[in-house]
Amino acid sequence: MDQDLKRISSELRLPQDSRERIRTQLASCQRQQEDIPMKKTLLKTRIPLIAAAVILAMAFTLTAGAVAVQFFRNDIIVDSREDIPDSADGSTPSAVGITSPSGNSPFTLEEMIESSRFKSDGWSSKETIGGGGLVYGYNQWDDFKLIDNDPALRSRLVSRADGAEKMEYTAENPASLMDTLTGRVTCDLSWMGEHYNYVPDGNFTYVVTDPEGGYVCELLSALYAKPDGSGYVKITLSNTIPKDNYATPTYVIDGSYETAYYYTNSDGYEFLVKMHNGNIWADCTTNCASASLFGAYLTQNEIEDILDNLQLSIQE
C-alpha cells in the first residue's frame with residue numbers, strides 16, 4: 001500500500017479546477033452561513049461535558065498545581081431552528097451560522113493526495129507560497145528563500161514587503177514535522193504511523209510572525225490512508241493569537257447529519273463528530289486553537305480510536 005501511495009503521489013495530475021474545488025470545500029468545512037432570526041429559548045447545552053472538564057481541572061489543581069481549563073467553542077447541536085437562542089443582551093435578532101452537509105460523496109483518495117501535495121510538489125516555486133490566512137491579512141506573500149530541499153524535512157522562509165514572515169516546512173513523513181510547531185498546539189503521530197499509511201509528502205506546517213516578529217498563527221496538515229486504501233483521514237492542527245471577541249456560535253440542527261455527537265477523548269478534549277454520506281468531520285475548537293479530522297469511509301470506532309491516540313495538547 002505504501003508503494004501504491006508513492007506511485008499515485010508521483011503520477012497524479014488533477015485539473016486546476018478540481019484542485020481548487022477540493023481546497024475550497026476543505027477550507028469551508030461544509031459551513032453554510034444562513035440569515036435566520038434567533039429565538040429566545042433554552043438551549044440544549046453540553047453542560048455535563050464542560051462541568052466534568054472543570055471538575056477534573058480543579059482536582060488536578062488541588063493535587064498537582066495549576067492546570068489550564070479548556071473552554072470549548074465547538075458548534076452547538078440543537079433540536080431545531082427554534083431552539084437557537086436570542087443574543088445574550090436581548091438585542092434585535094441577528095444572523096447566525098448553521099453547519100449542514102452538502103450531500104456530496106467524499107473526495108477520492110487520489111484527489112486528496114493531489115490537494116495535499118501541492119506544497120511539496122511546488123516547493124521551489126513561488127506559486128505555492130500563499131496561505132497562512134488563519135488571521136486576517138496574512139494570506140498574501142511576496143517572495144521566499146529556499147533553506148532546505150531535502151525530502152526528509154524541507155524548509156523555506158516566505159516573506160513580504162512589510163516584514164511579516166512565514167516559516168514553512170514539508171516532509172515525506174508528517175511525524176518529522178512535529179518539532180517545527182511552537183508547542184501551543186501539538187500531538188503525537190506515532191500511533192497513526194503504526195495503524196495508517198502516511199501519504200508521502202502530503203503534509204506541511206507553517207508558523208507566521210508579524211512585521212515586528214510577534215507570533216500570529218501556525219498550522220499542521222497531515223494526510224493518512226487506511227492500509228487497504230478504503231478510506232483516509234486528514235489531521236489539521238492550528239493556533240492563532242488570542243481572540244478578544246469570539247465569533248457568533250455556529251449551530252448544527254439535529255438530524256441534518258446522519259450522525260452528530262460530542263466525544264471527549266482520552267486527553268479530555270471535546271470533539272464534535274459528524275458523519276454523512278461517507279464523509280467524516282471531527283472538530284475541537286477553543287478560543288485560540290483547533291484540532292480537526294476530515295476523512296472518508298471511517299467507522300465511528302475508528303474515528304474515536306484516532307482521537308484517543310493523538311495525545312493532543314493545547315496550551316492557552
Side-chain angles (χ1 to χ4, degrees), residues 5 22-31 49 70 72-75 77 99-102 104-109 111-113 115-117 134 173-175 177-178 181 185-199 202-205 218-239 250 252 257-286 289-314:
L5 287 178
I22 296 171
R23 292 173 197 163
T24 299
Q25 186 167 339
L26 289 176
S28 66
C29 295
Q30 302 292 85
R31 179 158 296 173
L49 289 173
Q70 300 293 339
F72 303 110
R73 301 183 183 275
N74 300 323
D75 291 354
I77 301 175
T99 301
S100 60
S102 67
N104 293 332
S105 298
F107 300 118
T108 66
L109 176 58
E111 287 177 314
M112 289 298 295
I113 290 173
S115 177
S116 298
R117 282 183 54 107
L134 293 171
N173 186 342
L177 295 173
M178 299 314 301
L181 299 175
V185 57
T186 188
C187 70
D188 188 331
L189 296 176
S190 300
W191 186 90
M192 288 297 301
E194 294 171 358
H195 294 80
Y196 292 80
N197 294 331
Y198 67 80
V199 172
N203 55 78
F204 63 90
T205 60
E218 63 192 288
L219 180 139
L220 164 109
S221 176
L223 179 63
Y224 288 84
K226 295 177 70 170
D228 62 2
S230 63
Y232 58 81
V233 60
K234 187 169 191 172
I235 299 173
T236 304
L237 304 181
S238 65
N239 191 78
T250 303
V252 173
Y257 290 84
E258 293 171 3
T259 302
Y261 67 100
Y262 298 106
Y263 181 75
T264 301
N265 75 353
S266 59
D267 301 309
Y269 294 95
E270 178 198 281
F271 283 80
L272 172 57
V273 178
K274 297 173 291 185
M275 307 174 70
H276 194 84
N277 197 28
N279 296 282
I280 68 98
W281 302 265
D283 301 284
C284 173
T285 303
T286 69
S290 174
S292 65
L293 307 182
F294 170 77
Y297 305 118
L298 300 179
T299 67
Q300 188 170 322
N301 286 338
E302 287 172 331
I303 296 168
E304 293 176 4
D305 280 345
I306 293 173
L307 296 178
D308 282 337
N309 287 280
L310 277 181
Q311 297 186 40
L312 180 63
S313 175
I314 297 176

Test side chain to side chain contact (heavy atoms under 4.5 Å, CB included) on V233 and F294 and set out the steps. CA-CA 6 Å; V233 60; F294 170 77; over 6 Å; no
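- In terms of heavy-atom proximity, I280 sits nearest to A296 at CG1-N, 4.2 Å.
- Looking only at side-chain heavy atoms (C-beta outward), K226 and Y297 stay at 4.5 Å or farther from each other.
- Nearest heavy-atom pair, L109 versus G229, reported as atom, atom and distance to 0.1 Å: CD2-O, 4.5 Å.
- Considering every non-hydrogen atom in both F271 and A291, the closest pair reads CE2-O, 3.4 Å.
- For the residue pair D228 and S230, a side-chain donor N or O sits within less than 3.5 Å of a side-chain acceptor on the partner.
- Looking only at side-chain heavy atoms (C-beta outward), L310 and I235 come within less than 4.5 Å of each other.
- A donor-acceptor pair under 3.5 Å is formed between the side chain of E258 and the backbone N or O of N277.
- Heavy atoms only, all atoms of each residue included: Y196 and P227 are closest at CA-CD, 4.4 Å.
- To the nearest 0.5 Å, the span separating CD on E304 from OG1 on T264 amounts to 10.5 Å.
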Candidate pair L223 and Y232, rule side chain to side chain contact (heavy atoms under 4.5 Å, CB included), full reasoning: CA-CA 7 Å; L223 179 63; Y232 58 81; 4.2 Å; yes
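- Classification of the W191-H195 ring pair by plane angle, with boundaries at 30° and 60°, yields parallel.
- In this structure, the side chains of E218 and L237 stay at 4.5 Å or more apart for every pair of heavy atoms.
- Side-chain N or O atoms of D75 include none that pairs as donor or acceptor with a backbone N or O of T99 at under 3.5 Å.
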In sequence, state the C-alpha distance, the side-chain angles, and the governing distance for V199 and S116, and then conclude on side chain to side chain contact (heavy atoms under 4.5 Å, CB included). CA-CA 9 Å; V199 172; S116 298; 5.8 Å; no
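- Judged by distance alone, with hydrogens and angles left aside, the side-chain atoms of N279 form a donor-acceptor pair with the main-chain N or O of H276 at under 3.5 Å.
- Within the model, atoms CG of L220 and CG of L189 stand 6.5 Å from one another, a figure rounded to the nearest 0.5 Å.
- Side-chain contact between N309 and M192 is absent, with no heavy atoms from C-beta onward closer than 4.5 Å.
- To the nearest 0.5 Å, atom CD of residue E270 and atom CG of residue N74 are 5.0 Å apart.
- Atom NZ of residue K234 and atom CG of residue L293 lie 12.5 Å apart, to the nearest 0.5 angstrom.
- S115 places no side-chain N or O within 3.5 Å of a backbone atom of E111 that could act as its donor or acceptor partner.
- Using a 3.5 Å distance cut-off with no hydrogens or angles, the side chains of D283 and T285 do not pair a donor with an acceptor.
- Looking at Y269, its side chain never comes within 3.5 Å of a backbone N or O of L307 through a donor-acceptor pair.
- At a threshold of 4.5 Å between non-hydrogen side-chain atoms, the residues D308 and Y263 count as touching.
- Contact record, I303 with A282: CG2-CB, 4.4 Å, taken as the closest heavy-atom pair.
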Side chain to side chain donor-acceptor pair (under 3.5 Å), that's the test. Do N301 and T299 meet it? Break it down for me. CA-CA 5 Å; N301 286 338; T299 67; 5.3 Å; no
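- A 4.5 Å side-chain heavy-atom check between M178 and C187 finds at least one atom pair inside the cut-off.
- Taking every heavy atom of both residues into account, S238 and L134 meet most closely at CB-CD1, 3.7 Å.
- For the pair W281 and L272, the minimum side-chain heavy-atom distance is 4.5 Å or more.
- Checking N203 against Y224 by side-chain atom types alone, no donor-acceptor pair falls below 3.5 Å.
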